Amino acid sequence: MAIWELSGFTFIEHLASDPAVRGQGLGAAVLKEAAQLFPGRRCLEVELPETELAKRRIAFYERNGFFLNAYPYVQPAISKGRQEIPLLIMTSGGGIAKGQFAQIRTALYQEVYGQRC
């Protein structure tokens with residue numbers, strides 16, 4: 001997992017665990033620790049709920065206090081030759097208004113992905 005402290009929120013990037021230790025509470029413990037270290041709004045990107053694995057990931061984050069926002073979002077291509085990826089943004093503390101989503105998207109594009117909006 002990587003954490004970005006951005007203006008007004010913390011971005012949790014790519015939380016992953018080895019399949020051998022999944023289901024043992026490690027991911028939930030990491031998210032709980034992140035909440036203590038980085039209070040306030042936290043957000044993360046998730047895949048669209050089109051596969052069972054993506055649905056399970058979304059449910060995991062929901063069980064850990066995140067809300068799935070339905071605004072369209074695209075992760076920019078992260079390197080040359082790669083494609084954009086349609087994703088969704090999940091936020092702690094409940095859903096966000098469209099204006100808040102736009103601010104988060106702009107901050108992610110500029111600060112994390114180095115894109116101009």
Side-chain angles (χ1 to χ4, degrees):
M1 175 171 74
I3 296 210
W4 297 73
E5 290 184 88
L6 303 173
S7 179
F9 70 99
T10 300
F11 175 55
I12 298 174
E13 180 182 18
H14 196 74
L15 173 62
S17 61
D18 187 300
V21 298
R22 287 188 190 145
Q24 298 177 20
L26 181 61
V30 168
L31 288 175
K32 184 177 180 181
E33 182 73 16
Q36 292 173 350
L37 293 171
F38 303 95
R41 175 85 60 200
R42 289 170 310 287
C43 78
L44 48 85
E45 300 166 328
V46 292
E47 297 164 331
L48 301 177
E50 297 173 341
T51 67
E52 275 309 307
L53 183 56
K55 290 174 187 176
R56 286 185 15 225
R57 285 185 182 131
I58 290 168
F60 164 78
Y61 289 121
E62 288 174 333
R63 286 191 306 274
N64 285 279
F66 285 82
F67 180 87
L68 184 64
N69 296 281
Y71 306 112
Y73 172 80
V74 176
Q75 180 190 65
I78 58 174
S79 62
K80 196 172 191 170
R82 302 279 303 260
Q83 297 292 318
E84 295 177 332
I85 302 171
L87 299 173
L88 292 171
I89 296 290
M90 295 188 79
T91 50
S92 65
I96 54 175
K98 194 171 187 175
Q100 292 172 301
F101 168 77
Q103 291 173 338
I104 288 173
R105 182 187 59 214
T106 297
L108 291 175
Y109 282 7
Q110 292 175 348
E111 301 297 322
V112 175
Y113 298 110
Q115 302 277 320
R116 290 190 179 255
C117 294

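Since the model is a prediction, treat every value here as computed from it, not as a measurement. Along the sequence shown, residues are numbered consecutively beginning with 1.
- A donor-acceptor pair under 3.5 Å is formed between the side chain of T51 and the backbone N or O of A54.
- Checking side-chain atoms of N69 against main-chain N and O of G95 turns up no donor-acceptor pair under 3.5 Å.
- Side chain of Y71 to main chain of I96: a donor-acceptor pair is present (N/O by atom type, distance under 3.5 Å, no hydrogens or angles).
- For E111, the side chain to side chain contact (heavy atoms under 4.5 Å, CB included) partners at least two apart in sequence or on another chain are L6.
- Within the structure, every pair that satisfies the salt bridge (charged side-chain N to carboxylate O under 4.0 Å, His left out) test and touches residues 56-78, not counting sequence neighbours, is listed here: E47-R57.
- When the side chains of ILVMFWY residues are joined at heavy-atom separations under 4.5 Å, either directly or via intervening members, L87 and M90 end up in two distinct hydrophobic clusters.
- Note: the hydrophobic cluster containing V74 does not contain I58 (ILVMFWY, side chain heavy atoms under 4.5 Å, direct or indirect links).
- To the nearest 0.5 Å, the span separating CD on Q115 from CZ on R105 amounts to 12.5 Å.
- Screening residues 14-43 for salt bridge (charged side-chain N to carboxylate O under 4.0 Å, His left out), with sequence neighbours left out, gives no hits.
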Where do L68 and V46 land on the side-chain contact (heavy atoms from CB on, under 4.5 Å) test, with the steps shown first? CA-CA 9 Å; L68 184 64; V46 292; 3.9 Å; yes
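- At least one donor-acceptor pair closer than 3.5 Å links the side chain of T91 to the backbone N or O of G94.
- Using a 4.5 Å cut-off between side-chain heavy atoms of Ile, Leu, Val, Met, Phe, Trp and Tyr, with links allowed through other members, V112 and F9 fall into the same hydrophobic cluster.
- The environment of Q83 atom CD is sparse: at most 12 non-hydrogen atoms of other residues, nucleotides or ligands sit within 6.0 angstrom.
- Looking at I12 and Y61, their side chains never come closer than 4.5 Å, going by heavy atoms from C-beta outward.
- To the nearest 0.5 angstrom, C43 atom SG is 10.5 Å from E13 atom CD.
- Residues passing the ring-ring contact (aromatic ring centres under 6.0 Å, His included) test with F60: none are found, sequence neighbours excluded.
- Taking the side chain as every heavy atom from C-beta outward, F11 and I3 never approach each other to under 4.5 Å.
- With sequence neighbours excluded, the residues satisfying side-chain hydrogen bond (donor to acceptor under 3.5 Å, both in side chains) with Y113 are E45, Q75.
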Just distance, no hydrogens or angles: give the donor-acceptor pairs under 3.5 Å from side chains in residues 97-104, sequence neighbours left out.
| unit_1 | atom_1 | unit_2 | atom_2 | d |
| --- | --- | --- | --- | --- |
| Q100 | OE1 | A97 | N | 2.8 |

Step by step, work out the side-chain contact (heavy atoms from CB on, under 4.5 Å) result for L88 and Y73. CA-CA 6 Å; L88 292 171; Y73 172 80; 5.6 Å; no
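- For the pair V30/L15, a side-chain contact is recorded, criterion being any heavy-atom separation below 4.5 Å from C-beta on.
- Between the N64 side chain and the L31 main chain, no donor and acceptor come within less than 3.5 Å of each other.
- Between L44 and F66 the shortest side-chain heavy-atom distance falls below 4.5 Å.
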